[in-house]
Amino acid sequence: MSEKGAITLYYSERVALALEEGHIPYDTIGFELVDKPDWYKEKVYPPAKVPYLVCGGPKLQPGDAPPPDVPQLGELLVILEFLADAFPSARLLPPNPFLRAKARLFCRAVEEKCYPAFRAVFFKQAPKEDLYAAVEHIQGLLPPDSGFAVGEWSTADAVFLPVYLRWTTLMQRYLEESMARLSAKKTWDLASVKPKLVRRLDFFLAQAQKGQQQD
Ligand SMILES: N[C@@H](CCC(=O)N[C@@H](CS)C(=O)NCC(=O)O)C(=O)O
């Protein structure tokens with residue numbers, strides 16, 4: 001496949017992240033997921049989910065039907081695999097086959113465990129333990145010395161980052177609402193807490209180092 005085919009992405013941050021990382025030119029068509037236009041289901045993608053990728057053909061406008069003979073795909077993980085194969089120089093997956101396999105494993109863990117648990121906890125009030133278990137699982141897949149999901153940036157990070165950002169955004173809202181309360185305003189003083197926290201952290205780190213030296 002040419003590395004210069006026109007790409008239209010029915011918007012997904014996760015696919016857009018991979019396209020941006022790979023410097024692959026693309027156009028996007030977006031809409032509110034809670035108010036999807038009828039033409040999307042009728043003319044573009046009957047399951048009416050995003051992402052959906054059209055690779056080639058004329059520039060599309062909202063409401064257009066992509067030409068049927070142009071390659072087009074749904075399903076996030078399949079799209080990312082396709083992009084990694086179709087644009088090898090974009091290096092969306094590491095060249096090392098073991099790391100590629102680990103990236104795929106990580107993507108699956110985010111899709112099958114982390115994202116469903118996130119949605120269930122934040123949007124359906126499911127028990128938080130489900131999310132903790134998913135985070136623990138993800139944590140277990142990460143390399144010990146931090147960095148990206150498999151060391152170098154890969155599609156695994158494109159799959160994970162927007163989930164993580166949604167999570168921190170929701171936590172930020174919790175933080176703002178909590179800090180707007182008089183009780184928090186009267187009891188939380190960052191200027192005095194921060195140096196104490198740093199001293200405690202230094203103390204515990206020193207204790208841990210002492211313990212290691214004795215072992
Ligand atoms: N298995 C599909 C799931 C797609 C999916 O559920 N997408 C969500 C957004 S993340 C969506 O389109 N939601 C809108 C809806 O279901 O109406 C994939 O991996 O692409």
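If you read the sequence from its start, that first residue is 1, and numbering goes on from there. In listed order, ligands and their atoms are each counted from 1. On a predicted model such as this, the values are computed, not experimentally measured, just so you know. Just the heavy atoms: all of them, side chains too, but no hydrogens, waters or symmetry mates, feed the values below.
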Tell me: protein heavy atom nearest [atom], and distance?
| atom | result |
| --- | --- |
| atom 17 (O) of ligand 1 | K36 NZ, 2.4 Å |
| atom 8 (C) of ligand 1 | V50 O, 3.8 Å |
| atom 1 (N) of ligand 1 | E75 OE1, 2.8 Å |
| atom 16 (O) of ligand 1 | K49 NZ, 2.6 Å |

_Any nitrogen or oxygen of L76 lying under 3.5 Å from a nitrogen or oxygen in ligand 1? Just yes or no._
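Yes, L76 has an N/O under 3.5 Å of an N/O on ligand 1.
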
*Pick whichever of L80, L33, D35 has a heavy atom sitting closest to atom 9 (C) of ligand 1.*
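It is L33 whose heavy atom sits nearest to atom 9 (C) of ligand 1.
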
*Side-chain donor-acceptor pair under 3.5 Å between E75 and Y52, yes or no?*
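Note: E75 and Y52 side chains miss the donor-acceptor criterion.
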
_Regarding K113 and E136, does a basic nitrogen lie under 4.0 Å from an acidic carboxylate oxygen?_
no

*Ion pair check, D27 and K59, cut-off under 4.0 Å*: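 Yes, D27 and K59 are salt-bridged.
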
More than 12 heavy atoms of other residues, nucleotides or ligands under 6.0 Å from [atom1] of [X]: yes or no?
| X | atom1 | answer |
| --- | --- | --- |
| R119 | CZ | yes |
| Y164 | OH | no |
| Q207 | CD | yes |

*List every atom of ligand 1 that sits less than 4.0 Å from any heavy atom of P51, numbering the atoms from 1 in the order shown and giving each element.*
20 (O)

*Is_contact(atom 3 (C) of ligand 1), protein non-hydrogen, under 4.0 Å*: no

